[in-house]
Amino acid sequence: MENIYIETYGCQMNFADSEVIAAILEKSGYTVCGSAEEADFILINTCAIRDNAEQRVRHRVRELKAMQNRRHNLRVGVLGCMAERLQSRLMAEEENVSFVCGPDAYRRLPEMLAQVRSGQKAAEVELSTTETYADIEPVRLAGNGISAYISIMRGCQNYCAYCVVPYTRGRERSRDSETIVREARTLFEQGYREVTLLGQNVNSYNAEIDFPELMARVAQIDPLLRVRFATSHPKDLSDKLLEVMAEYPNICRCIHLPVQSGSNRMLKLMNRKYTKEWYLDRVEAIRRHMPDCSITTDVIAGFSTETLEDHEATLELFRTVKYDYAYMFKYSLREGTYAWKHLADDIPEEEKTRRLNEIIALQGEIALENNKHEVGKEYEVLVEGESHRSKEQLYGRNSQNKVIVFDRKDAAPGTYRRVRVDSCTAATLIGVLVQ
Ligand code: SAH
Ligand code: SF4
Ligand code: F3S
């Protein structure tokens, strides 16, 4: 049968989706291969969150033309959020794309590929209010056999003013808890030691049980199974979740709590539904329940009408919270969003860049400062693999999700080892095995 190759861009949820896509197509007799060169079909699973994410995909699609000129039977399809956003417009604009498939239509891929093979083009972009792919056991692609993603819900209906996700992923829906727990247990039995439960706003998970209860059930599978989750919306981060986290040592001490801005005026305009004060109260609650919990965030520089005062409020918030890690972005206007309809994209590009760079520089100092405090501490590390620098070194992460590099000695990937931190950079901790 034919070979498919899946290339994935974007967030963890897209990576999880690619594993569902692989499962659906393998079941229909396709083989997932390891490189574009061997493929009969190349499926590009795309992201639409910022313009540069889309430009990268367009560049890749055009690059594949050369390969298609050499191999006439090679077909290229675009999947995921960009496919949903642009629909058949994308096939008109990029002539070498034969099919587009949105995030809720992956079950139709076998039919679509058959259609494409017979020389037609195909587009499936219908969104669903119920699809969760709950019954599909994902094919783990290019994983390390230690750590895996589990999608627990799909879609988002928070409608943050800047964000395209509600339009590309549709209404929020939760996957039933039994299939989630079963998937996690199977992974553990296969030797996996870490699962990350995924959703755009996991705190609003709402099936037969709520998110704290779901976390507890997954954590109960085995104390040796680490449980992580992403992403938490600050408006819905409950004390109940923090209590459950504190109760189970194998629920990791790390919360990703995207703030987006430190200015109440911006937060209101962004439709985030919380204030800076509410956010800081949640940070305090996290630290009260778990003093050793790391906190990470997302932030947007240069949203509509952002003043220097608003920007300064973001810097101030960063100084207060002292994040362990931050994903930092320049505002990118997305077609169809509330901001696109109603708010001016009025901060000049150079000014957005300047503000972003200021946040990046500050966060660099904070991360280094935080890491310096780690020197001398001992952590249980889940060993993941060889360090990129040297075969003599391994790396793993602690519960706080910080990467620690150490001399290999007798340690092996997939096991837990105690490591003492000896030194650090802003990005990495360097340690030694404690016998
Ligand atoms: N559901 C998650 C975020 C998913 S998107 C949440 O609400 O926290 C990941 C991040 O991309 C967002 O947190 C935001 O910081 C960023 N982002 C989203 N839309 C953006 C845009 N139009 N321009 C720049 N950054 C954006
Ligand atoms: Fe986008 Fe807001 Fe939904 Fe996150 S919560 S995916 S930022 S709309
Ligand atoms: Fe991108 Fe879609 Fe994820 S827009 S960030 S791939 S939900």
Side-chain angles (χ1 to χ4, degrees), residues 7-18 21 44-57 78-86 101-104 127 149 151-173 198-205 229-237 255-262 266-267 269-274 279 282 295-304 306 314 323 325-341 343 345 347 349 352-353 355-356 359 363:
E7 261 178 38
T8 311
Y9 297 82
C11 66
Q12 295 164 320
M13 261 157 284
N14 251 18
F15 284 81
D17 280 1
S18 288
I21 293 163
I44 310 180
N45 193 3
T46 61
C47 175
I49 200 84
R50 285 168 290 275
D51 185 58
N52 58 11
E54 292 203 359
Q55 291 316 320
R56 201 171 313 137
V57 168
V78 174
L79 283 55
C81 291
M82 197 176 159
E84 190 62 49
R85 193 179 86 73
L86 294 167
C101 184
D104 286 344
L127 286 170
Y149 296 130
S151 169
I152 65 162
M153 55 206 292
R154 301 183 69 82
C156 180
Q157 55 209 47
N158 287 308
Y159 293 99
C160 300
Y162 50 81
C163 184
V164 77
V165 171
Y167 309 95
T168 64
R169 296 241 155 200
R171 306 288 290 174
E172 183 182 287
R173 69 218 89 129
L198 295 178
Q200 291 296 355
N201 176 12
V202 290
N203 303 111
S204 66
Y205 176 83
F229 59 95
T231 297
S232 273
H233 195 304
K235 78 180 165 71
D236 296 319
L237 181 74
I255 297 185
H256 186 58
L257 202 63
V259 69
Q260 315 301 0
S261 170
M266 284 292 105
L267 289 171
L269 211 54
M270 289 173 164
N271 193 31
R272 287 291 285 180
K273 304 187 185 85
Y274 55 82
Y279 186 91
R282 294 293 78 206
I295 302 178
T296 62
T297 204
D298 294 345
V299 68
I300 299 176
F303 185 61
S304 179
E306 187 188 67
T314 296
Y323 293 108
Y325 192 85
Y327 297 90
M328 299 162 276
F329 309 107
K330 265 193 286 190
Y331 173 52
S332 169
L333 180 69
R334 307 312 286 138
E335 195 180 329
T337 59
Y338 179 90
W340 180 78
K341 286 175 207 143
L343 304 171
D345 181 15
I347 310 300
E349 196 57 27
K352 284 183 187 170
T353 306
R355 291 180 196 179
L356 176 66
I359 303 172
Q363 179 52 32

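Position 1 is the first residue of the sequence; numbering continues from there. We count ligands from 1, going down the list as the structure has it; atoms in each ligand are counted the same way.
- Protein heavy atom closest to atom 4 (S) of ligand 3, with residue, atom name and distance, is A48 N, 3.3 Å.
- Close approach of ligand 3 to Q200 (heavy-atom distance below 4.0 Å) involves ligand atoms 7 (S).
- Those atoms of ligand 1 with a heavy atom of F329 less than 4.0 angstrom away are 10 (C), 11 (O), 15 (O), 16 (C), 25 (N).
- For ligand 2 and C156, the ligand atoms under 4.0 Å from any heavy atom of the residue are 3 (Fe), 5 (S), 6 (S), 8 (S).
- At the shortest separation from atom 19 (N) of ligand 1 among protein heavy atoms lies Y162 CD1, 3.2 Å.
- Considering both main-chain and side-chain atoms, Q200 comes within under 3.5 Å of ligand 1 through a nitrogen or oxygen pair.
- Taking only nitrogen or oxygen atoms, main chain and side chain alike, Y331 does not reach within less than 3.5 Å of ligand 1.
- Among V299, D298, I49, the residue whose heavy atom lies nearest to atom 12 (C) of ligand 1 is D298.
- Every atom of ligand 2 with a heavy atom of Y159 under 4.0 Å away is listed here by number and element: 8 (S).
- Close approach of ligand 2 to H233 is summarised as follows: ligand atoms under 4.0 Å from at least one heavy atom of the residue are 5 (S).
- Put simply, CZ on R50 and CD on Q55 are 13.5 Å apart, with the number rounded to the nearest 0.5 Å.
- Contacts of R169 with ligand 3, taken as heavy-atom pairs under 4.0 Å, involve the side chain alone.
- At the shortest separation from atom 5 (S) of ligand 2 among protein heavy atoms lies N158 ND2, 3.5 Å.
- Numbered from 1 in the order shown, with element, the atoms of ligand 1 that lie under 4.0 Å from a heavy atom of I300 read 14 (C), 15 (O), 17 (N), 25 (N), 26 (C).
- Classification of the Y327-Y325 ring pair by plane angle, with boundaries at 30° and 60°, yields perpendicular.
- Here the heavy atom of the protein found nearest to atom 16 (C) of ligand 1 is R50 NH1, 3.3 Å.
- Side-chain N or O atoms of K341 include one that pairs as donor or acceptor with a backbone N or O of G336 at under 3.5 Å.
- Closest approach of N45 and I21 over heavy atoms only: ND2-CD1, 4.0 Å.
- S332 N, 3.0 Å is the protein heavy atom nearest to atom 23 (N) of ligand 1.
- Distance alone, capped at 3.5 Å, places no donor-acceptor pair between the N14 side chain and the T8 backbone.
- In the vicinity of C160, heavy-atom distances shorter than 4.0 Å reach the ligand 2 atoms 2 (Fe), 5 (S), 7 (S), 8 (S).
- Close N/O approach between R272 and ligand 1 is found [any backbone or side-chain N/O within under 3.5 Å].
- In terms of modelled atom types and a separation under 3.5 Å, the side chain of R334 and the main chain of A48 share a donor-acceptor contact.
- If you number the atoms of ligand 3 from 1 as listed, the ones under 4.0 Å from a heavy atom of N14 come out as 6 (S).
- Y162 OH to F303 CZ: the interatomic distance, rounded to the nearest 0.5 Å, is 8.0 Å.
- Using a 4.0 Å cut-off to heavy atoms of Q200, the atoms of ligand 2 that qualify are 6 (S).
- Side chain of T297 to main chain of V259: a donor-acceptor pair is present (N/O by atom type, distance under 3.5 Å, no hydrogens or angles).
- Every heavy atom of R169 sits 4.0 Å or more from the atoms of ligand 2.
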Exercise for review: Starting from the C-alpha separation in whole Å, work towards a yes-or-no answer on salt bridge (Lys or Arg N to Asp or Glu O under 4.0 Å) for D345 and K352.
Suggested key: CA-CA 11 Å; D345 181 15; K352 284 183 187 170; 2.9 Å; yes
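- Taking a cut-off of under 4.0 Å to the non-hydrogen atoms of R272, the atoms of ligand 2 that pass are 2 (Fe), 7 (S).
- In plain terms, the two heavy atoms of G102 and E84 that are nearest each other are CA-OE1, 3.3 Å.
- Listed by atom number, the atoms of ligand 1 under 4.0 Å from T231 heavy atoms are 8 (O).
- Below 4.0 Å from some heavy atom of P166 lie the following atoms of ligand 2, by number and element: 8 (S).
- Here Q260 contributes atom CD and H233 contributes atom NE2; the two are 7.5 Å apart, rounded to the nearest 0.5 Å.
- Judged by a 6.0 Å distance limit and a 45° cone about the ring axis, R56 is not positioned over the six-membered ring of Y9.
- The ligand atoms of ligand 2 that sit less than 4.0 angstrom from a heavy atom of V165 are 6 (S).
- Residues E306 and Y331 have side chains that never bring a donor and an acceptor to within less than 3.5 angstrom of each other.
- Nearest protein heavy-atom contact of atom 1 (Fe) of ligand 2 is C163 SG, 2.3 Å.
- In the vicinity of K330, heavy-atom distances shorter than 4.0 Å reach the ligand 1 atoms 23 (N), 24 (C).
- Here the protein heavy atom with the shortest distance to atom 3 (Fe) of ligand 3 is C11 SG, 2.3 Å.
- For ligand 1, the atoms sitting less than 4.0 Å from at least one non-hydrogen atom of R334 are 22 (N), numbered in the order shown with element in parentheses.
- Classified by interplanar angle (parallel below 30°, tilted 30° to 60°, perpendicular above 60°), the ring pair Y274/Y279 is tilted.
- Between Y159 and Q157, the closest side-chain pair of non-hydrogen atoms falls below 4.5 Å.
- Every atom of ligand 3 is numbered from 1 in the order shown, and the set under 4.0 Å from a heavy atom of C81 is 2 (Fe), 4 (S), 6 (S), 7 (S).
- Closest to atom 7 (S) of ligand 2, if we only count protein heavy atoms, is Y162 OH, 3.4 Å.
- For the atom pair Y323 OH and D298 CG, the distance stands at 9.5 Å (nearest 0.5 Å).
- Numbered from 1 in the order shown, with element, the atoms of ligand 3 that lie under 4.0 Å from a heavy atom of C47 read 1 (Fe), 4 (S), 5 (S), 6 (S).
- No part of P258 comes within 4.0 Å of ligand 2, judged by heavy-atom distances.
- Within ligand 1, the atoms closer than 4.0 Å to a non-hydrogen atom of Q260 are 12 (C), 13 (O), 14 (C), 15 (O), numbered from 1 in the order shown.
- The P258 neighbourhood of ligand 1 comprises atoms 8 (O), with distances under 4.0 Å to a heavy atom of that residue.
- When atom types are taken as modelled, the side chain of T46 and the backbone of M82 share a donor-acceptor pair closer than 3.5 angstrom.
- A side-chain donor from one of N158 and K235 sits under 3.5 Å from a side-chain acceptor of the other.
- One distance of note links CD of E7 with CG of L79; it measures 11.5 Å at 0.5 Å rounding.
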